[in-house]
Structure formats: C-alpha cells, structure tokens
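Take a look at the structure set out below.
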Protein chains: 2
Amino acid sequence: MADEALSAGAVARRLGVAVTTLRTWHQRYGLGPSEHVPGHHRRYTPADLARLEIMRRLTVEGVSPAEAARWARQSPAVPPPERLGLKAGVSTARDGGGATIPVGRAGPVARGLARAAMRLDSVAIGRTIADSLAADGVVATWEGLLRPVLAGIGERHAATSGLIEVEHLMSRCVSEAFASVARAHPAVGPPRILLSCADEEQHSLPLEALAAALAEIGVSYRMLGARVPAPALVEAVNRTGPAAVVVWSHIRATADPHQLTALLAAPRRPLLVLAAGPGWRADSLPAGVVRPVDLAEALSLAVAVRDSLDQSTAG
Amino acid sequence: MADEALSAGAVARRLGVAVTTLRTWHQRYGLGPSEHVPGHHRRYTPADLARLEIMRRLTVEGVSPAEAARWARQSPAVPPPERLGLKAGVSTARDGGGATIPVGRAGPVARGLARAAMRLDSVAIGRTIADSLAADGVVATWEGLLRPVLAGIGERHAATSGLIEVEHLMSRCVSEAFASVARAHPAVGPPRILLSCADEEQHSLPLEALAAALAEIGVSYRMLGARVPAPALVEAVNRTGPAAVVVWSHIRATADPHQLTALLAAPRRPLLVLAAGPGWRADSLPAGVVRPVDLAEALSLAVAVRDSLDQSTAG
DNA sequence: GTTTCGACGCAGCAATCGACGCAACTCGTA
DNA sequence: TACGAGTTGCGTCGATTGCTGCGTCGAAAC
C-alpha cells in the first residue's frame, strides 16, 4: 500500500514518455491520477498506471491519441496489459504533432512503428515488424512499412542531425526481424546466390530484405554483409563459386564500378551480376551487369537464376 | 568479533555522516541495527554496518537516498557472479592444414566453428553457435567459443589483411544468434538498462553478448547499437530515463571520457554508468563510473540495478 | 558525566506544478 | 499544389512542493 504511489517522473520513465506529456494527457484527456489535488504532486496508483499503459500501447499501434485516450479512460479495471484485438484503420481523427517521424501516407501501422521507434521501444518495434512480416510477407513489409519509416527517420535525421540513436535501433530491429524470417525458412539446396554490400557501404538493410525475401520463398543464398572490399568479394566468389552476385550500393561514393569489373574478371565468373541500390549510375556500369530497380525485381531475377540452375542440373 | 557492537557515534564517525543522520536513516528508511529496543542505545552489528556502507556509497555516487536505502535494505542477497559451466576443450588430436584460424586452446567446437567460417558456411556457423548457446548459455559461449574464434579471425586478418569477408560473416551470424536468444526470452518489465557503443565504435558484438545474457535471465534492456555519438546517447537517456547505461568501447580511439561525463551531467542522470570494454583507461574515467572487467561482472551489476528497481517500483 | 534517544525544525535542492508556446504531422479546402 | 485549421508531443519558465541531511533540546541510558 505504501509503495503504490508512483511519482510523475517514475511513471514517465516507465512508459517512455516525457513528464510533460503525462501532464498533457491528464489535462487534455483526463488520464491522470485518480486522486489529485491541484498544485500538489501527482501520485499514480497501479490502476492509473494500467490506464496509461493502455494509452501508450494503443498509440504505439497507430491509434490516434484522442481515440486511444477515450479507450483507455473507459477501461474499467484491467490491471494486466491484455490483448485487445484491435485492427488497424479505426482512427479517423487527425493525427500528428510533436517530435515525430513523417511517414507520408503509409498507414497507421507505419505511424505506430514510427512512434515506437521514437521512444526507443524495441519490443514494440520488433512485434510490429514481426506481425507485418507474418501477415504480408517480406516484400510488402519492406515497401509498405519499413522503407517509409526508415526513409522518414533518415529524412528527419538529415534535417536535424539528431535521431541517430533512433536510426540505429530501427536498423537493429529490422535486421533481427529479417534474420528471424531467414531462420524460420530453412533454405533448400546449396547457396548459389551471393549477397554483398559494396566496398565501404554501410547500409546493408535493403540487402537483408532481399535475403529475407529469398529465404521466404526457399531460395538459398550467402550473405556477406556490409563493407566488403573488392578483393574480399572476389576472394569469396572464387572460394564459393556463386551463380549470381548481388552488390548493393546505397550512395554514389560507394558505387565504384571497378568492383563489378573485378567480379566479371574473376576466375569463377558468376553467371549474373546484379548492381542493386540507388548508388549505382546506369551509364557507368560495365556490360553484363544488370541493375534491378526495386526489391521485387531483384527477387525475381534471383529466382530466375535459381530456376535456370535447377533445370541445367536436374535436366 | 570484538567489534560486534558498534555504537551510533562510532558508526557515524566511520561512515562520515552525522549521528542524527543515522537516526534519521533508521526511522525513515528502516536502516538501523537489526535488534533495537526503542529508547535504548543502538548497537550496530557488522551486517548492519555493511548495509550502511552500501547506503553511503550509493548516495555518494549520486543515487537518490530513498532509492539507495531500498537497495541497501535487501543487500545481503547479492551473490558474486560465478557459475560458468563450460566444459573445457580436451582435444588432443592434431588439427589444421590449409588456411585456418588460430583459436588457441579453445577446444574442438571452436575449431569447427572457425572452419565453417572459413567456408563462409553461414548455416553451419549458425547451428554451431545456437547449439553452444543452448547447451552452455550466453556467457560461457561468448567466453569459451565466440571470443576465441573472433579473436583468431581478427589476428589472422591483421596479419594477412585478408579474411574481411569471413570476419563480417561471423559477425552477422553471431549477431543473429544473440538476437535469437533475445527473442526466445521475452523480457519482463520495462527496460531500465541502456546499452550503447561509444562514439565511432564499430564493434558491437560484445555489447550484444551482454544483451543476450541479460535476455537470458529475463532482464529487460534497450540496445542502441554501434557508433552512437555522445549527443545521441544523452538524447536517448533523456528520452527514456534508464537506471543504468553501459557504454562499450573496444579501442582507445573511441574511449573518450567526455561522453561519460556528458551522461553524468544529463538532466535525467542514470543511477549507474558502466564503462565496458578494453578501450577505457581506468585512470581517465570520471568519478561515479564503474568499470566491469568482463561480461560476467557487467551482467551482475546490471542485475543488481534491476533488482533494486523492482523493489522500489513494485515492491 | 558523557553519550545517545526521540522529537522537532530548518535550509538547500531536486522534482514537479501549471501555463504557455513551438514544431510538425494530417486533412480538408481552395 | 499550396495553405490554413486542428492535433499532439514536448521544451521552457517561474513558482511551489517535498525530500534530505543535520542542528538543537530535554530526557533517558550507559
């Protein structure tokens, strides 16, 4: 009984919101301590906290705050956070405000994901991504959810030179989610596709998306990861003899065509070399290199290679 | 034995606080002699004194007195970190030939892992690590298997300036394995521990090991990942208000003590700041920063923080 | 006679209060 | 397409609250 009184700061820390936000929620939505004398400090009981947990969870899921507050306020007594089978798309009211991430018209789920990222809530981030992956698959999740949110963070990051920690956390969570997909779909057959970032290229997330998409349809691959120097890539090709190599470059600076030329000149030259990512310039690519425009195209190309190999070896 | 009965004045002199403060601590926080008849003189046993020492140390480090008291009150049950059930490698057979990785005396499993890494066989790598994690736990796997192999790769890499692709692949696989552990053990309660690499620090694997170890015992945390600039770290602390922050630095160049100072000066200053990793120099750390020597110690410190917070908020 | 006891009070300081405003998103409208 | 209106999270400011260490005082314990 004595310890049932949490201060405003403690509650804010628990929920991952600012103290001022708690005050705002109190006066705007009536979501405050049940007994509070104006001027005195707020003391939140477990019941009050449970209400706020609901509020936070709903907003993280993309529900508009006003609606979430209405929901939380009428929640009679649900101390443990349970599962409300809430489907996206309920919110009709306006939304926005505060230090948020622009996600364009990517939908409430993306908004919820962006909010979870802003509060560094890796659990919510992971669950949101996993749900979407399970429901819509890798390609749709990447194009419809992850890329908009990541782009929004990057945009904001470029503008304010902040949010680096948010960007990193999102990257990690996305990476983990993709790895989870790969683990859930054991690959069939030997890996004939090699995925690699260009030299000095640090962004490997799109490549991981491709890897997850491949895994999802049962295509086996090898993933080298970020920042692979050209000699190391050639060395890997010579050691493993892949049929197709995908080289990702996110920015111009890492898109040296020379590393593609080196691939084509390797002793065990791959059948297909894909230059993926916005870094590559179409006019500077050596002959024989294919440049997919998006994840879906890269995926279908990779599948085509797999199929052709299946034919040539099985037939 | 002779000093089993310390008077209030003696204890006060020993701790460097006023006698009245001892009385206050007794009646406000229950931090008094275990056996005390009201009206009679207080007699402090060594156990009582130990509790008070904890109380004083924590408050000196900046912990709020109420919180420190809660911590001190249930201190006796803080067993030192032990229990590493790692079965030592007993390999006697020769091994080697070709391009291999030196793993020292880390056992046959490590040698197998190194070979799989050389083959770029991510499936075998992943399975080996997962098996070890399941059998021996995170700490033992890290110390006994992963660290030796990673060190071996790094050593060879430094010597031959090759193997970069092997190093990357291993990193990815280890990272995935740790993420898998984290996913398999859903965390309990809100995250109060923040894990972050130092500015410009690219090695995040040891930090991920700590994260996985925390997850394994059900402790919730937030992981920011590699290359977190000092302002971003402070920003994250202010937004999430963690109780403890672990900052990892692998090399001297990234171990700028200033980022720790900034942490301690943050508006929502964490209870505990841990400077982890071989980069930090003990003599350059600001006061109030703790420097764990290995994974196990960092782990037990983090657990201690968690326990104390559980008491203060829920107990 | 010295030390400690319990009670009371005080001053410094951190946390919080209420009020206000800013920035930024979304949506309707022109 | 551009722009204003409505929303919303949160930073800031001056004032207030409440926690904390410790000094003081008469009485009791050693």
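Within every chain, numbering begins at 1; the chains are lettered A, B, ... in the order of the sequence lines, protein sequences first and strands thereafter.
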Do the side chains of [Y] and [X] get nearer than 4.5 Å, heavy atoms only?
| X | Y | value |
| --- | --- | --- |
| B:Pro65 | B:Tyr29 | yes |
| B:Pro33 | B:Thr45 | no |
| B:Leu6 | B:Arg14 | yes |
| B:Leu195 | B:Met223 | yes |

Requested in this report: Would you mind telling me which residue lines up with the more 5' stretch of DNA chain C, B:Ala10 or A:His36, judged by nearest nucleotide?
Outcome: B:Ala10
Starting at [atom1] of [X] and ending at [atom2] of [N], how long is that distance when rounded to a whole Å?
| X | N | atom1 | atom2 | result |
| --- | --- | --- | --- | --- |
| B:Arg42 | C:dT3 | CZ | P | 17 Å |
| A:Met118 | D:dT8 | CE | C1' | 13 Å |
| A:Arg111 | D:dT7 | CZ | C1' | 12 Å |

Query raised in the report: For the residue pair A:His250 and A:His203, does the interplanar ring angle fall in the parallel (under 30°), tilted (30 to 60°) or perpendicular (over 60°) class?
Result: parallel
Report summary line: A correct 5'-to-3' footprint of nucleotides 21-30 of chain D, with B, S and - meaning base, sugar-phosphate only and no protein heavy atom under 4.0 Å, is BBBB----SS
Query raised in the report: Across the strands shown, which category fits B:His26 at heavy-atom distances under 4.0 angstrom: base, sugar-phosphate, nothing?
Result: nothing
**Report entry** Relative orientation of the end axes in the helix from C:dG1-D:dC30 to C:dA30-D:dT1, expressed as an angle to the nearest 10° (five pairs per end)
**Finding:** 30°
Report task. Could you tell me whether B:Asp48 and B:Arg42 have a side-chain N and a carboxylate O separated by less than 4.0 Å? Result -> no
Query raised in the report: Is any NZ, NE, NH1 or NH2 atom of the basic residue among A:Glu53 and A:Arg57 found under 4.0 Å from an Asp or Glu carboxylate oxygen of the other?
Result: no
**Report entry** Under 4.0 angstrom between A:Arg119 side-chain N/O and D:dC10 OP1 or OP2
**Finding:** no
Query raised in the report: Just wondering, are more than 12 heavy atoms of other shown residues or ligands nearer than 6.0 Å to CD in A:Glu297?
Result: yes
